[in-house]
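Okay, structure first, notes after.
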Amino acid sequence: MVAKSKNSISKKSSYKIKNKNPLQAKQQSKKNKLKTYILMSKEITSRAQDYSQWYNDLVLKGGLADYSAGRGCMVIKPYGYALWENMQAQLDKMFKETGHENAYFPLFVPKSLFEAEEKNAEGFAKECAVVTHYRLKSDPDNKGKLMVDPEAKLEEELIVRPTSEAIIWNTYKGWIQSYRDLPLLINQWANVVRWEMRTRLFLRTAEFLWQEGHTAHATKKEAVAETELILGIYAEFAETFMATPVIKGLKTANERFAGAEETYCIEAMMQDGKALQAGTSHFLGQNFAKAFDVKFTDKENKLDYVWASSWGVSTRLIGALVMAHSDDEGLVLPPKLAPIQVVIVPIFKGEEQKQLIDKKVTVLLQHLKLAGVKVKYDDNDNNRPGWKFAEYEMKGVPVRIAIGARDLANNVVEVARRDTKEKMSMCIDGLAENIIKLLEDIQVAIYEKARLFRDEHITKADSWDEFVQLLDGKAGFISAHWDGTPQTEEKIKDLAKATIRCIPLNNKQEEGNCILTGAASTQRVLFARAY
RNA sequence: CGGGAUGUAGCGUAGCCCGGUUAUCGCGCCUGGUUUGGGACCAGGAGGUCGCAAGUUCGAAUCUUGCCAUCCCGACCA
């Protein structure tokens, strides 16, 4: 019943809430009616009204992605892809700076390889797309239609990779013989497929883009160090570039990657207080080396299995970015990743004014581009300034510059920042420097805003009652004692729908009692409902 | 995948309960003109096999079944 009524609101919400009463709207004067509809067609569902719908509206109306014909699949549109490319470029740089190289491994994994590491195979088995045939033919019973040719059945099924450990470790076997071949530090940018039950744009799609690093080391110590190094890179990327504060931590055994000895993660908090795992780095021990028989000879001529790590972040980061900063007017993108950092909108009456503005803008564009600023001059005459203002706010462009005849006369421009919606007048002389400074300020400001929100929404709970009350009463993470057993974690998950997001690294040790069982505990862990 | 809801032009929708000429309205789009400091206006125009597929019927957007997609609640998960 609850679901039913909620749904009807969400489906018709933009109409009902914005117009209060459809009949009334229809009876308005023609002019008013037009205005109402204009607002309607462009407006975004508010966060308070329906958080999920708000998210979808941002992604779709912000021009990041579209639904596609395939179940759970999406099209990443140019604006969204540009965002991804910016993320990629930065991460790729960070990986290469720390000695990693890119390579590419196949999409298809023979089933016999896939099942070699048992835990990993089991963990992903339920969500694998499987290629069983390699040919279609005309359907004799159904003119113009195709059918799978039963004659073209594969001897061995091919698994569409949900992750590439299997195919990569099978390859590494041939690449590694000596300690001199180590460490092997490889990353690949790829797509993977996970047949998810329920998908959501960017957050969980059947196919997604990601990078996956797979490294091999001579010692456990090195492999752990690599795992932690990458976690640090992920955290730095999230905080410095995405302006999204994250908590570094360890997953519990229940939440660990299938086949890993230890899973490190960064957890971000969304504006609804839910947790989003933004990246993971796994210490794989010798599990894959043993499964794929990857041995090396060390300096003492002893034969041993290599130690491994794997790590990845995906286009899910775009979802995190959208939810972390955006507001009811649209996207708010951090300057360091925004496809367009500055948009310039001319305001003019007649060609003469336009030419004067063009002249000023040309110089400004030069200065900004030289300084590496991604700037767009939107002098498209199809839309009026007001339309453009709203459009670029929707798209989350960090800084907007409006320049008209009035400004030229005063040698100023109007500068508006997306994050605070604040407008200010700036002198044209030295404008580029001030804009660059402003972009930096915005980057810091949205990070600080998100951090403040995050910190205000981590609450301690010291009893089960408190825990349950907080979960339903206040959005965010809950810091609480846990007895350390998977059974208790499972029980809490069943009872409260909250999971342990992580055991924070460098966690403060303190005596306490498990909120569920009362058993002794030495530290608090972070609980939350998660995406 | 289980429970619930929805699907009509690019978008938002009326009509559906109670089957019956040419499917409603707005935005957007195209052409021409006037405009341009917060989603412009006038005139003219194009755009739909009513999500898809079967079925019932003389006749289906409307009734029935199946499928697909989306949303909400679960389970699963980056």
Side-chain angles (χ1 to χ4, degrees), chain A residues 1-16 18-19 22-23 25-26 28 30-31 33-43 45 50-53 55-56 60-61 66-73 123-124 126-127 162-163 192 194-206 208-212 255 257-258 263 265-266 276-280 311-317 319-320 329 345-350 353-354 379 381-394 400 402-407 413-414 416 421 423 493-494 497 499 530-531:
Chain A
M1 282 308 280
V2 174
K4 201 172 171 180
S5 62
K6 246 187 183 171
N7 180 276
S8 64
I9 289 170
S10 96
K11 200 63 199 176
K12 308 239 171 185
S13 56
S14 56
Y15 193 76
K16 281 192 177 155
K18 276 152 207 163
N19 282 324
L23 279 176
K26 280 188 176 174
Q28 286 169 355
K30 198 179 175 189
K31 220 171 186 179
K33 188 169 151 190
L34 286 178
K35 276 188 181 160
T36 311
Y37 277 117
I38 289 160
L39 286 175
M40 237 179 67
S41 64
K42 293 285 179 185
E43 235 175 61
T45 308
D50 183 339
Y51 193 83
S52 298
Q53 191 57 48
Y55 174 77
N56 283 329
L60 297 170
K61 294 184 182 174
D66 253 339
Y67 291 112
S68 138
R71 179 200 152 92
C73 294
F124 284 103
K126 302 178 296 297
E127 45 187 323
T163 179
V192 287
R194 296 183 186 175
W195 217 259
E196 299 290 350
M197 294 304 180
R198 215 173 120 190
T199 58
R200 301 198 57 190
L201 294 166
F202 286 116
L203 297 175
R204 184 167 302 111
T205 45
F208 58 94
L209 304 183
W210 76 345
Q211 60 69 217
E212 48 180 327
E255 302 278 326
F257 176 74
T263 287
C265 64
I266 51 172
L276 187 105
Q277 182 174 304
T280 47
W311 27 274
V313 295
S314 71
T315 36
R316 175 179 242 205
L317 287 181
E329 270 78 51
V345 177
I347 301 165
F348 57 93
K349 292 190 175 87
Q353 284 190 2
K354 173 68 169 37
D379 63 347
D381 200 27
N382 293 337
N383 297 310
R384 302 168 84 235
W387 189 92
K388 293 176 185 173
F389 293 173
E391 182 66 12
Y392 291 109
E393 273 160 19
M394 172 90 79
R400 180 186 74 233
I403 174 164
R406 208 167 71 199
D407 301 305
V413 294
E414 183 195 75
K421 309 273 308 268
K423 288 185 201 173
K493 189 176 169 182
D494 287 345
K497 293 172 205 159
T499 50
Y531 277 99

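The sequence lines fix the lettering, A, B, ..., with proteins before strands; numbering per chain opens at 1.
A straight line from CG of Asp66(A) to C1' of rG10(B) spans 10 Å, rounded to a whole angstrom. The interatomic distance linking Trp387(A) (CH2) with rC41(B) (P) rounds to 15 Å, in whole Å. Computed from coordinates, the Trp195(A) CH2 to rC77(B) C1' distance equals 15 Å when rounded to whole Å. Arg400(A) has its CZ atom 10 Å from the C1' atom of rG37(B), to the nearest Å. A straight line from CG of Leu209(A) to C1' of rA78(B) spans 13 Å, rounded to a whole angstrom. The nearest whole Å value for the distance from the CZ atom in Arg200(A) to the P atom in rC71(B) is 7 Å. Regarding Glu127(A), its CD atom lies at a distance of 10 Å from the C1' atom of rA78(B), rounded to whole Å. In this entry the distance linking CD of Gln53(A) with C1' of rG7(B) reads 14 Å, nearest Å.
Taking only side-chain atoms of Glu196(A), from C-beta outward, the nucleotide of rG37(B), rU36(B), rA78(B) with the closest atom is rA78(B). Nearest to the side-chain atoms of Met394(A) among the listed nucleotides rG37(B), rA78(B), rG39(B) stands rG39(B). Which of rC77(B), rG37(B), rU70(B) sits closest to the side chain of Tyr67(A) comes down to rU70(B). Comparing atom distances between the Asp407(A) side chain and each of rU36(B), rG37(B), rA78(B) picks out rG37(B) as nearest. Closest to the side chain of Arg194(A), out of rG37(B), rC77(B), rC71(B), is rC77(B). Closest to the side chain of Arg406(A), from the set rA78(B), rG37(B), rU36(B), is rG37(B). Across rA78(B), rC77(B), rG37(B), the shortest atom-to-atom separation from the side chain of Ser314(A) is found for rA78(B). Listed candidates were rA78(B), rU70(B), rG38(B). Nearest to the side chain of Lys423(A) is rG38(B).
Atom P of rU65(B) sits at a distance of 15 Å from the matching atom of rU56(B), rounded to the whole Å. Nucleotides rG12(B) and rG7(B) place their C1' atoms 13 Å apart, quoted to the nearest Å. Comparing rG10(B) with rC52(B), their P atoms sit 12 Å apart, to the nearest whole Å. rG20(B) and rU64(B) have their P atoms separated by 15 Å, given to the nearest Å. Taking atom C1' on both nucleotides, rG33(B) is separated from rU6(B) by 43 Å, rounded to a whole Å. Comparing rU70(B) with rC63(B), their P atoms sit 24 Å apart, to the nearest whole Å.
Between Asn56(A) and rC71(B), a side-chain N or O to OP1/OP2 separation shorter than 4.0 Å is present. An OP1 or OP2 oxygen of rG37(B) is reached within less than 4.0 angstrom by a side-chain nitrogen or oxygen of Arg384(A). Taking side-chain N and O atoms only, Ser52(A) has a distance below 4.0 Å to OP1 or OP2 of rC72(B). Remark: Lys497(A) is in phosphate contact with rG74(B), judged by side-chain N or O atoms under 4.0 Å from OP1 or OP2. For Lys493(A), a side-chain nitrogen or oxygen approaches OP1 or OP2 of rC76(B) to under 4.0 Å.
Map Arg204(A) and Phe389(A) each onto its nearest nucleotide of RNA chain B; the residue landing nearer the 5' end is Phe389(A). Mapping Phe257(A) and Lys349(A) onto RNA chain B by nearest heavy atom places Lys349(A) at the nucleotide closer to the 5' end.
In this structure, the side chains of Trp387(A) and Val345(A) stay at 4.5 Å or more apart for every pair of heavy atoms.
When all heavy atoms of Tyr55(A) and Gly319(A) are compared, the closest pair comes out as OH-CA, 3.3 Å. Closest approach of Ala402(A) to Ile347(A), counting heavy atoms only: CB-CD1, 4.0 Å. The two residues Met394(A) and Lys61(A) make their nearest non-hydrogen contact at CG-O, 3.7 Å. Closest non-hydrogen pair, Thr205(A) versus Arg200(A), comes out as CG2-O, 3.7 Å.
Pairing for rU70(B) goes to rA5(B), judged as Watson-Crick or G-U wobble with the two contacts each under 3.5 Å. Both distances falling under 3.5 Å, in either a Watson-Crick or a G-U wobble arrangement, place rG32(B) opposite rC42(B). Under the Watson-Crick or G-U wobble criterion, with both distances below 3.5 Å, rG12(B) is paired with rC25(B).
With Tyr531(A) as the aromatic partner, Arg204(A) does not meet the cation-pi criteria of under 6.0 angstrom to the ring centre and within 45 degrees of the ring axis.
Rounding to the nearest 0.5 Å gives a distance of 11.5 Å between CD of Gln353(A) and CZ of Arg406(A).
Using a 4.0 Å heavy-atom cutoff across all strands shown, Leu203(A) reaches at least one base atom of the nucleic acid. Nucleic acid contact class of Thr280(A) (heavy atoms, under 4.0 Å, all strands): none. Across all strands, Thr263(A) comes closer than 4.0 Å to no nucleic acid atom at all (heavy-atom distances). Within the 4.0 angstrom heavy-atom criterion, base atoms lie near Ala405(A). As judged by a 4.0 angstrom heavy-atom cut-off over every strand, Gly319(A) is placed among residues making no nucleic acid contact. In this structure, Gln353(A) reaches neither bases nor backbone, as no heavy-atom distance under 4.0 Å exists between it and the strands shown.
No N or O donor and acceptor, one from the side chain of Glu393(A) and one from the base of rG39(B), sit under 3.5 Å apart.
Counting heavy-atom neighbours within 6.0 Å of Trp195(A) CH2, excluding the residue itself, gives a total of 12 or less.
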